[in-house]
Amino acid sequence: MVNSIPGSFDLWKSEKKVKDSDLIFTRALKTQFQQDLFHRLSNTLADLKPSFTEGLQLLEMVTDLILMDYTEALFVYTEDLDTYRTYLRNLRYPMTTHHDDVLKHKFTEMPWPQGAKVKFERRGDRAGVEVRFFVSSATDITKLIAALERVQIEMGQ
Amino acid sequence: MNYLFNALPNFTRIEISPSSRDSEVADRIRSLYPKDIIVELDSDIDATANKGIMSADEFNASKKSLLLTTFKGQFFKRCPGATQKKALTCCNYHVLNLGSQCNMNCSYCYLQSYLNSKQTKIFTNIDDALLELKSMADQFAEHPFRVGTGEVIDSLSLDQLTLYSRKLIPFFNQYPKWSLEFKTKSHFVDQFLDLETVGNTIASWSVNPDYIIEREEHGTASLEQRLTAARKCKDKGFQLAFHIDPMIWHPEWKENYSFLAEQIQKYFSADDVSIISMGALRFQPEQRHMMRERFGMKSLVTSAEMFPSEGNKLRYDASVRAEMFQFMLKCFKENSSKWNIFLCMETPETWIGSFEKIPIQIPELRSVFKPLPTLT
């Protein structure tokens, strides 16, 4: 277990009431090099002021990436939390990131009903779109069904 | 009867509880292992039981230390998948636990998040287990209960020590509608091949391509050894089943899994194999810490891209799972439509994604998934 990390991480840990048991994933960092790298990265991450949950998720991802032999590449795109989160996810989940990008493009190009709000989302082990419509009459529903049938045909292709 | 071992399971310490002292298993252990690693205990209290999850070092050590003891609880239970009926489509499997922990070392093993004892255990009171089973079997003799002994211990990897197969097979012969499944990654079958079976004992193998066996299933038999052992069982009248589970994604997965399907079909026809189940890599979220610590991130399991799924386990993306299952189905079905294949511990959505049906709509699987009486 990595303990006594000085600097921003210590402050973040105390502010968010992070316990050592919350950092159980760091047990896998066996070498001094890996632990030093984690210390540096945890300070970098703490400077971006993540929430308790997001901070732990990103620290775990950083641990995985260190064990996958990433080193200095983990110190880029650290200008803000959103950018860094996206960057780390791309490194840790490259296949899914690519798959989601392709799916997002495919879904957003579908002939959705006019006025529909379409939002691509990953929900756990499934990726898809949340589609919101507004209807005020039976005619609206008829048009909606016709449009959705066109989407269904395109999805099947 | 004396069965020779190719390699004796590698225990560095063996403890025998007072309640197990006079058991057949204890006698056998004393005859096989050096005296200096055997300790006769004064008490039956399990001093090594942990309150919480074991550390990685404790888990590793638990594979080397064997405790012979008696089990006081219920031996016979429903498969854990049945407790998640709302999320998963389950196949009425029941389990008979005659020990716990495994002497092999698969990186994905669910025991890593399940066990809390620092020792491998063999329960020596198999006669109590058979009495318990008899009361159930007498009550429900006409129902097709499927009973497996490989839930928290491999069914056969230690069977040359216990010879439990030699008690279980004759027992199940009395209940022809019930079936007994030995589920293993070992190739130890010679110890029971001389026994008669009424055809309701299923020798089954969890199989993967050698590419996965070499990287993730440490200390297990090679694919060829498993298939050869299966052939021996088939030739002696035992039913066969294969579990292509867990399928593990890797860049060459299509090539390797297609070779696996070819190998199975080289050894067996569809008529030879009662059932093939498929499942993709899955594990409880908390297990990832133990796996990361024990196997690092170079493993195809720890480095896999896993996401929370219904039922809380981490799984591959649903579309990846569906693609893998469809691919394997095709590998078998394009040669014969008679292969009987189903999914293990999967959601109805994945069933539909892979088979376009749920199992109860598939005639050859209906009997397996038809609900059975609830046991008390």
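Just so it is clear: chains get the letters A, B, ... in the order the sequence lines come, proteins before strands, and each one is counted from 1.
The greatest number of non-hydrogen atom pairs below 4.5 Å with chain B, out of Ile66(A), Thr63(A), Leu65(A), Asp64(A), is found for Asp64(A).
With Arg92(A) contributing its side chain and Ser303(B) its backbone, the two residues share a donor-acceptor pair below 3.5 Å.
Heavy-atom neighbours of His98(A) NE2 from other residues, nucleotides or ligands within 6.0 Å: at or below the threshold of 12. Atom NZ of Lys330(B) sits in a sparse spot, with 12 or fewer heavy atoms from other residues, nucleotides or ligands closer than 6.0 Å. For NZ of Lys16(A), the number of neighbouring non-hydrogen atoms (other residues, nucleotides, ligands) closer than 6.0 Å is greater than 12. Heavy-atom neighbours of Tyr77(A) OH from other residues, nucleotides or ligands within 6.0 Å: at or below the threshold of 12. Atom CD of Gln114(A) sits in a sparse spot, with 12 or fewer heavy atoms from other residues, nucleotides or ligands closer than 6.0 Å. Within a 6.0 Å radius of CZ in Phe327(B), more than 12 heavy atoms belonging to other residues, nucleotides or ligands are found. Shown here is Glu130(A), whose CD atom has more than 12 heavy atoms of other residues, nucleotides or ligands within 6.0 Å.
The pair Arg288(B)-Glu60(A) meets the salt-bridge criterion, since a charged nitrogen lies less than 4.0 angstrom from a carboxylate oxygen.
At least one side-chain heavy atom of Phe307(B) sits under 4.5 Å from a side-chain heavy atom of Thr96(A). You'll find the side chain of Arg126(A) stays beyond 4.5 Å of the side chain of Ser309(B), heavy atoms only. Residues Met95(A) and Val320(B) have side chains in contact (heavy-atom distance under 4.5 Å, counting atoms from C-beta outward).
The contact between Arg122(A) and chain B is made entirely by side chain atoms (from C-beta outward), counting heavy-atom distances below 4.5 Å. In this structure, the portion of Ala304(B) lying under 4.5 Å from any heavy atom of chain A is its backbone and not its side chain. In this structure, chain A has a heavy atom under 4.5 Å from the backbone of Met306(B), while its side chain stays farther away.
Between the CZ atom of Arg89(A) and the CD atom of Glu305(B) there is a distance of 12.5 Å, given to the nearest 0.5 Å. The CE atom of Met68(A) lies 8.0 Å from the OG1 atom of Thr302(B); values are rounded to the nearest 0.5 Å.
Across Arg321(B), Lys313(B), Arg282(B), a single residue satisfies side-chain contact (heavy atoms from CB on, under 4.5 Å) together with Asp125(A), and that is Arg321(B).
The contact list for residues 292-301 of chain B toward chain A, using heavy atoms and a distance under 4.5 Å, reads Arg292(B), Glu293(B), Met297(B), Lys298(B) by residue number.
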